[in-house]
Amino acid sequence: MQKYYKLAITVAVVGFGLGTLSTAQAATLSVSASDQGSWAAEGGFIGGNSNDNTNYITGNISATDLRDYFTFNLDNVAQVSSATLQVQRFVGSESGVKTLGLFDVSTPNNVLSQKENSPNDAIYNDLGSGKNYGTFNVSSSGDSNEILNFALNSDAIADINTRSGKFFSIGGALLSNIELSDDYLFSESGDGTFAKLVLNVDSATVPEPDLLGGVVVAGVAGLWLRKRKAS
């Protein structure tokens with residue numbers, strides 16, 4: 001009986017030795033925008049917008065002030081440690097470097113998506129005010145295919161984590177002087193190319209498969225020993 005007991009203990013130890021516990025690991029997620037576009041201030045010359053227009057032009061064109069937004073579905077996102085907004089440059093006014101500000105958005109996503117209701121001063125103001133997620137210098141000229149990366153600050157990270165499992169929107173506005181007519185970024189961006197939110201997330205600590213295998217081996221060894229005792 002003693003040799004059987006020693007054998008069972010040996011099998012159990014080996015089984016546990018096969019398993020290791022994974023530590024929290026960083027993973028990178030890329031989330032495409034579920035909706036994007038622009039809203040105009042009232043009093044401009046540009047006519048109405050449409051709900052399916054994905055153009056995120058920002059600035060002033062044809063004496064109309066415009067601000068953009070990007071909405072993301074965070075259904076499967078949690079424990080975010082860093083975030084970068086990626087947008088394609090498309091076409092700018094070629095009038096020098098512009099200061100782009102990114103902001104939180106309080107307008108609900110189902111209202112924001114109804115771009116056919118543009119212009120609207122309340123929504124236009126919302127997209128360029130409130131909590132600042134970062135300020136960036138962007139040239140209004142360059143390769144239209146270039147992907148621009150905007151690293152979001154800690155306020156954005158906190159809001160992304162708060163909005164886990166929900167929709168999260170970012171507003172964009174030119175902070176430099178846009179009194180000059182035709183002073184803008186991201187024109188001709190309505191070709192269906194969507195912005196992305198690249199997130200670094202910390203995955204939860206979970207047992208790896210080989211640890212579970214070790215537990216099973218130990219359990220089988222214990223069951224075998226009990227049977228030996230019963231016989």
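Side chains are part of it too, since the values below use all heavy atoms of this structure and drop only hydrogens, waters and symmetry mates. The first residue in the sequence is number 1, and the count goes up from there.
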Please determine which of Asn49, Asn55, Asn51 meets the side chain to side chain donor-acceptor pair (under 3.5 Å) test together with Asn53.
Asn49
Given Asn60, which partner from the list Asp65, Asp183, Asp182 fulfils the side chain to side chain donor-acceptor pair (under 3.5 Å) test?
Asp65
Using only heavy-atom distances, determine whether the side chains of [X] and [Y] contain a donor-acceptor pair under 3.5 Å.
| X | Y | value |
| --- | --- | --- |
| Ser106 | Asp126 | yes |
| Ser34 | Asn73 | no |
| Asp68 | Thr58 | yes |
| Ser82 | Asn200 | yes |

Can you confirm whether Asn76 is buried at CG, in the sense that more than 12 heavy atoms of other residues, nucleotides or ligands lie under 6.0 Å from that atom?
no
Say whether, by atom type as modelled, one donor and one acceptor occur between the side chain of [X] and the main chain of [Y] under 3.5 angstrom.
| X | Y | result |
| --- | --- | --- |
| Gln88 | Thr193 | no |
| Thr84 | Val198 | no |
| Lys98 | Leu185 | no |
| Ser38 | Ile57 | yes |
| Ser113 | Asn110 | yes |
| Ser93 | Tyr184 | yes |
| Gln79 | Val201 | no |
| Ser32 | Phe194 | no |

Do [X] and [Y] sit in one hydrophobic cluster, given that two such residues count as connected whenever their side-chain heavy atoms are within less than 4.5 Å of each other, even indirectly?
| X | Y | value |
| --- | --- | --- |
| Tyr69 | Ile160 | no |
| Phe136 | Leu197 | yes |
| Leu148 | Val91 | no |

Can you tell me how far the CD atom of Gln36 sits from the OG1 atom of Thr54, to the nearest 0.5 Å?
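Going from CD on Gln36 over to OG1 on Thr54, the span is 5.0 Å.
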Do [X] and [Y] have side chains that approach each other closer than 4.5 Å (heavy atoms only, starting at C-beta)?
| X | Y | result |
| --- | --- | --- |
| Ser169 | Leu112 | yes |
| Tyr133 | Asp104 | yes |
| Phe72 | Leu85 | yes |
| Asp155 | Asn132 | no |
| Arg67 | Trp39 | no |

Verdict with supporting geometry, Val77 and Phe168, side-chain contact (heavy atoms from CB on, under 4.5 Å)
CA-CA 11 Å; Val77 173; Phe168 169 74; over 6 Å; no
Pair Val138, Arg89 - check side-chain contact (heavy atoms from CB on, under 4.5 Å), show working.
CA-CA 9 Å; Val138 183; Arg89 179 187 292 279; 4.2 Å; yes
Whether Phe150 and Phe186 hold their rings parallel, tilted or perpendicular, with breakpoints at 30° and 60°:
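The arrangement is perpendicular - the two ring planes meet at more than 60°.
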